[in-house]
Amino acid sequence: MENKRFGYKKPKYRMGRALRDYFTGNMWEHTEPAYRIAPHVWNVGGQDDVSVYLLDTGEGLALIDTGYERTLYLVIDRMYSIGFNPRDVKKIFLTHYHGDHSQGARLLQELAGGKEHCEIWLSKEDELMHQETALSTLPMPCLPYEVTNFYDDNTPIRMGRFTIRTKLCPGHTLGVTSFFFDDTDEETGKTYRCAVHGGMGTGTMYPGSDMGVREHVTPETAFRFVKDCLEMAQWPVDINMSSHLNQTNIDENMPEDTNDYTWFVTDYSWHDMLVNRAEDVMSRYPEQYPDFKWTVPNVE
């Protein structure tokens, strides 16, 4: 990773684990400031694990994921800290149904005036899993929420200054959805291509994974994940908005000026993250990928 600031780093002891640790789960040790990652986009998750992206569309606010119920107060605080009101959220886009990404959906929707004023979006594939696990404590419990809209990869979502394209990316779950949009800085006139891959966790795709069985993930799903990642890695992306901070080693590379989004503009971060995760899956299937070798290793 020479001369590369961002890269995939294996998860450290972070907020998600602290929530389950009643003895050492000091949440204040895992807080992060809001930081601007694109001209009109901020990460307001407030903790060192799951990203919660706020999009200022010019016609209301949109969120990509909502984080944990227990850290929702941080999301609300971070939104106010940069001058936004959570009551102005009009759309909540969930990358997938897992609780660490969706626990706050219902509460944020209620804060914004209910489903008449704030939509919750999810893939049809993950809505099936959302309903199947609604009464379960796995993979992570969350308050019940009603999905109001489903993604259609052939129909972009238009909201104010943003036109958001979606892509179904099965692997971490069968319904992981990724997002692609351009964002223009009016002061400089520069336009940046932004992307969020909705699910980079590869554990569900390991042979014999219990979680993979629960998610109905098959080896064929894993092989599709590899193919999709290697193809999408070639797509031009200027700003990689990772759904977990470790996926681009953000925690150790926070800009001094949290309003300076240009810190995150790279020509390698998106490519390296996707190739790294594809290679992690490939390494688990030597019969399928007999010539496998690492080309984008983890950050140490």
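Quick note: residue numbers are just sequence positions, from 1. Quick caveat, the model's predicted, so the values are computed rather than measured.
Classification of the F6-F264 ring pair by plane angle, with boundaries at 30° and 60°, yields parallel.
Residue pairs that meet the salt bridge (charged side-chain N to carboxylate O under 4.0 Å, His left out) test with at least one member in residues 48-68, sequence neighbours left out, are K12-D48, R14-D49, D56-R161. Applying the salt bridge (charged side-chain N to carboxylate O under 4.0 Å, His left out) definition to pairs two or more places apart or across chains, none involves residues 284-300.
Under the side chain to side chain contact (heavy atoms under 4.5 Å, CB included) criterion, V281 pairs with T202, M205, A222, F225, V226, Y285, not counting sequence neighbours. Residues forming a side chain to side chain donor-acceptor pair (under 3.5 Å) with K91 (at least two apart in sequence, or on another chain): E119. Considering only residues two or more places apart in sequence or on other chains, Y206 meets the ring-ring contact (aromatic ring centres under 6.0 Å, His included) condition with none of them. Partners of K227 according to the side chain to side chain donor-acceptor pair (under 3.5 Å) rule, which considers only residues two or more places apart in sequence or in another chain, are E231. Residues satisfying the side chain to side chain donor-acceptor pair (under 3.5 Å) criterion with Y13, sequence neighbours excluded, are D21, T24. Under the ring-ring contact (aromatic ring centres under 6.0 Å, His included) criterion, Y53 pairs with no residue at all, not counting sequence neighbours. Residues forming a salt bridge (Lys or Arg N to Asp or Glu O under 4.0 Å) with D88 (at least two apart in sequence, or on another chain): none. Residues satisfying the salt bridge (Lys or Arg N to Asp or Glu O under 4.0 Å) criterion with R78, sequence neighbours excluded, are absent altogether.
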Check: residues 110-117 side-chain donor-acceptor pairs under 3.5 Å, at least two apart:
from	atom 1	to	atom 2	distance (Å)
E110	OE2	R106	NE	3.1
K115	NZ	E146	OE1	3.0
K115	NZ	E146	OE2	3.3

Which donor-acceptor pairs under 3.5 Å do side chains of residues 163-172 form with protein atoms, sequence neighbours excluded?
from	atom 1	to	atom 2	distance (Å)
T166	OG1	D153	OD1	2.8
H172	ND1	G201	O	2.9
H172	NE2	H98	ND1	3.2

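For the side-chain contact (heavy atoms from CB on, under 4.5 Å) with L108, the lone residue among L63, V89, I120 that qualifies is L63. Among T66, V50, L94, the single residue meeting the side-chain contact (heavy atoms from CB on, under 4.5 Å) criterion with H101 is V50.
The backbone N or O of K9 lies less than 3.5 Å from no partner atom in the side chain of N298, so there is not a single donor-acceptor pair. At distances below 3.5 Å, at least one donor-acceptor pair connects side-chain atoms of N43 with backbone N or O atoms of V52.
Cation-pi check for R36 over W263 is not met; the charged atom does not lie both under 6.0 angstrom from the ring centroid and within 45 degrees of its normal.
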